[in-house]
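A short worksheet on the structure shown next.
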Amino acid sequence: MTDMATVPQGRPARGISFERVRPFLGPGALVAMVVFFGSIYPDTFLTKTNLVENILQQVTALAIVAAVQTVVMVVGEFDLSVGGLAALAAGFAATILNTATIDGDPKQPGSLLLAVFLCVVVGLVGGAVCGTLVSYLGVLAFIATLAMNEVFKNFARFRVQGKPVYGLVQNNFVAVAQGKTWAVPNTIYISAAIALVVWFLLDRTTLGRKMYAVGGNIDAARYSGINVRFVKWAAFAICGVGAALGGLMQSAYNATANTTAPEPWMLKSIAAVFLGMALMRNGRPNLPGTILGVILFRTLENGLNKTDINNYVQDVINWGAVIVAVLPPAIARIRENR
Amino acid sequence: MCPALLPTAPPVVAVKGLTKRYGGVTVLDHVDLSVRWGEVRALLGENGAGKSTLIKVLSGVVRSDDGTVTLNGSDVEIHSAHAAQDLGIATLHQELAIVPGLSVAENIFLGQRKAQTFGVVRWGALRRGAELLLDSLGQSLDVRQDASLLSPVGKTMTAIARALSRDAKVLILDEPTAALTDQETAQLFAVMRRLKDRGVAIIYVSHRLEEVVQVCDTYTVLRNGQKVGEGDIADVTIPDLITTMAGRPVSTIFPAREGTHGGVLLRAVGLTGRRCRDVSFELREGEVLGIAGLAGSGRSEVVRLLAGAQHRRGGSIEVQGVDEASRAPVSIAGRHTIGRAQRRGITLVPQERRTDGLVPDTIERNINLTTLGRHTLGRVVMVPRRAREHAQQRHTDLAVRSRGIGQPVLRLSGGNQQKVVLAKFLALSPRILLLDEPTRGVDVGTKSEIYHLVRERAAQGAGVVVVSSELPELLGLCDRVLVMHEGRAVGTFDAATTTEDELLHACYGRTR
């Protein structure tokens, strides 16, 4: 059987193929942006405060949410409820930790441990509800998570009577989030740790492999003996917990639980995953790509902020850049099929 | 059946020196091919020989790097699928481009500005036009019905009518009989003869050589992107063609049957589910049991029920040896999912490798999908080295031809993809192996390798069930053949003493 038609052992492709340059595009774009804005605004852009505090620190909560959004997108779905769930979970935690009731009467703050535990439970239950709707009851993720986002958000508003919850300044809650270790904000460590856990889950565990299989071809995954419904459900549950942790960290850093702060996360987290798909690993959602996407987006946003371009036009440029980034792989895919 | 071909007539379509490279791989290497007026030319070759690429060039889906295409004596450029249609080249792919929800008539005139007045469709004219076209093919279909509800042959006829409506001079049929029953195949061949009489040049691609010698006039064989043979069908035999395709004589396609069968491994009594009623049979150790039947007879459903891929409404399944210690038969009760079936030693290799067998990832990740827990620490944390070694081993065992286990699986040819699917499921070492159409769209050489694998597993004590629409395959490979008809088992035949004709009659529910 050895002399049968062998696959031609072809030479490597000539010229520069898109696949070859792809891994360098993201980091390259980041370096290019830093050099570009750095040379124009060396005093305001290229400072440690700006790069660490204004760029990295600012996206720590979003990075957590985008990381878990990656998990859901790996199984071929998406979760529009992350913002609402983050607000709800943070709101629950805050009402335990605050030093005054919603009505303004002074009160004894509750246990920090209880607050964090409750936050995680709310995230898990919220994510599990979305997962059950999508995976076990067959509701399309678009409408299921869109509606659940509104449910979560408005339930959170009801819980805090539509007001921000101030005064979360005890039990080291805020101190940890606002503190620094070795001159780097603690939130960056927390974010990085969560991102690392998600990376490990997706790339180094059997559950991660199953998730990629389910997202790649759900029928083939099922025939391979994978419990595809559970895998999908688990992705949403994990996403719920991550969203809750993101909300908790944001409210700790602001010393305020606010139902509007997590609102932009829904779209930005999904955009970050798409950026990561475009920049790395041949169009599959992946954690390093997502984190790179989050940082790229924020760097551009921050750099443009230094210019005197109109604020609205800045956002036109930001989101236009997202389109530019996802375009080449999309075109390459069409070409490939020619 | 050989029509009056004019050997001197200029070809309708002629391809010269056609070359196509993907990256550094040459998939077509200076290929020549020509088809005359009213000629049916078989385009033959194993998977990966370059047939599909040649078809894609002719139908405008890919562009060649070198070579010329001549239509009716003049050189043409085929830039796009649209251009191919305008030039009169029509292609019927394996998966027919039928738009569900549109009527047969609408599907026939899809994308054409016929029977319209200022963009408004004149339905009556559209229907009459469609009926006229189908009539010229000797077909009577209700042109108002939803085309997706047609039988496979009905869809084929709709697609052929569409080609005629565009005045096609060259018709390319890519595995047109894959989904058809024998009767439907005969119907298609009758239509092909009508087309020949009208002067249509036909390029016919099929792995079924019995059909090729029946319907084609001439043949061209490709191997590794090169033309390695051509001539008149009348001058060759099927073994000749196989030898040319494979580049070596295929003396024994089917392995020898092993004589000894052990105890009963599986006993199904009164299995009932969708499209399957009251089916009972036994499977012994070392036995290969075939299941025959027409499309829709419930032949696939039987193995799907056993494998937990489909809900069982009634009947019982008893499996020997689930409980390793006692060796007592265990009755399967409660929820029987695919995962649980696999843990009970029952594994199904599903029918459609693209949709049900493969994930769009590397060969390695596909092979390892059923055995993830084995390459881990504590069943959770993957150990990449172990996973790689396992996949490499399976890859070598099944002689998958690729550039390495890191290659994307969807870049492989059909036969090699099927081997990857088999590697994935065989890694489970099933005691009961269920195969649904294991050689569909696979070349002769790979078919033979798959047959040997099946026999090897049986010799090791597994019980194998093979579902197939190809009767010669069932008779050559299996020990016994169970025949399904309209959801019921209508008989069991000893493969060694049964003829194809007898099986076919049983498939149609007739007894002799």
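Letters A, B, ... are given to chains in the order of the sequence lines, protein chains preceding strands, and every chain is numbered from 1. Just so you know, these numbers use all the heavy atoms, side chains as well, and skip hydrogens, waters and symmetry mates.
Looking at P408(B), neither its backbone nor its side chain comes within 4.5 Å of chain A, counting heavy atoms on both sides. Interface residue T376(B): only side-chain heavy atoms are found under 4.5 Å from chain A. For I226(A), the part sitting under 4.5 Å from any heavy atom of chain B is the side chain, from C-beta outward, and nothing else.
In terms of non-hydrogen atom pairs under 4.5 Å with chain B, the most contact-rich of A213(A), S224(A), G225(A) is S224(A). In terms of heavy-atom pairs under 4.5 angstrom with chain A, the leader among R304(B), K56(B), R354(B) is R304(B).
Within a 6.0 Å sphere centred on CZ of F297(A), other residues, nucleotides and ligands contribute more than 12 heavy atoms. Surrounding CG of L113(A) are at most 12 heavy atoms belonging to other residues, nucleotides or ligands under 6.0 Å away.
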Pairs under 3.5 angstrom only: tabulate donor-acceptor contacts from the side chains of residues 67-82 of chain A to other protein residues two or more places apart or in another chain.
| residue | atom | partner | partner atom | Å |
| --- | --- | --- | --- | --- |
| Q69(A) | OE1 | D79(A) | N | 2.9 |
| Q69(A) | NE2 | D79(A) | O | 3.0 |
| Q69(A) | NE2 | S269(A) | OG | 3.0 |
| T70(A) | OG1 | A66(A) | O | 2.7 |
| T70(A) | OG1 | A67(A) | O | 3.2 |
| T70(A) | OG1 | T290(A) | OG1 | 2.9 |
| E77(A) | OE2 | K232(A) | NZ | 2.7 |
| D79(A) | OD1 | S81(A) | N | 2.7 |
| D79(A) | OD1 | S81(A) | OG | 2.6 |

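Applying the salt bridge (Lys or Arg N to Asp or Glu O under 4.0 Å) test to D29(B) and every residue at least two apart in sequence or in another chain returns nothing.
No donor-acceptor contact under 3.5 angstrom links the side chains of T446(B) and K419(B), judged on distance only.
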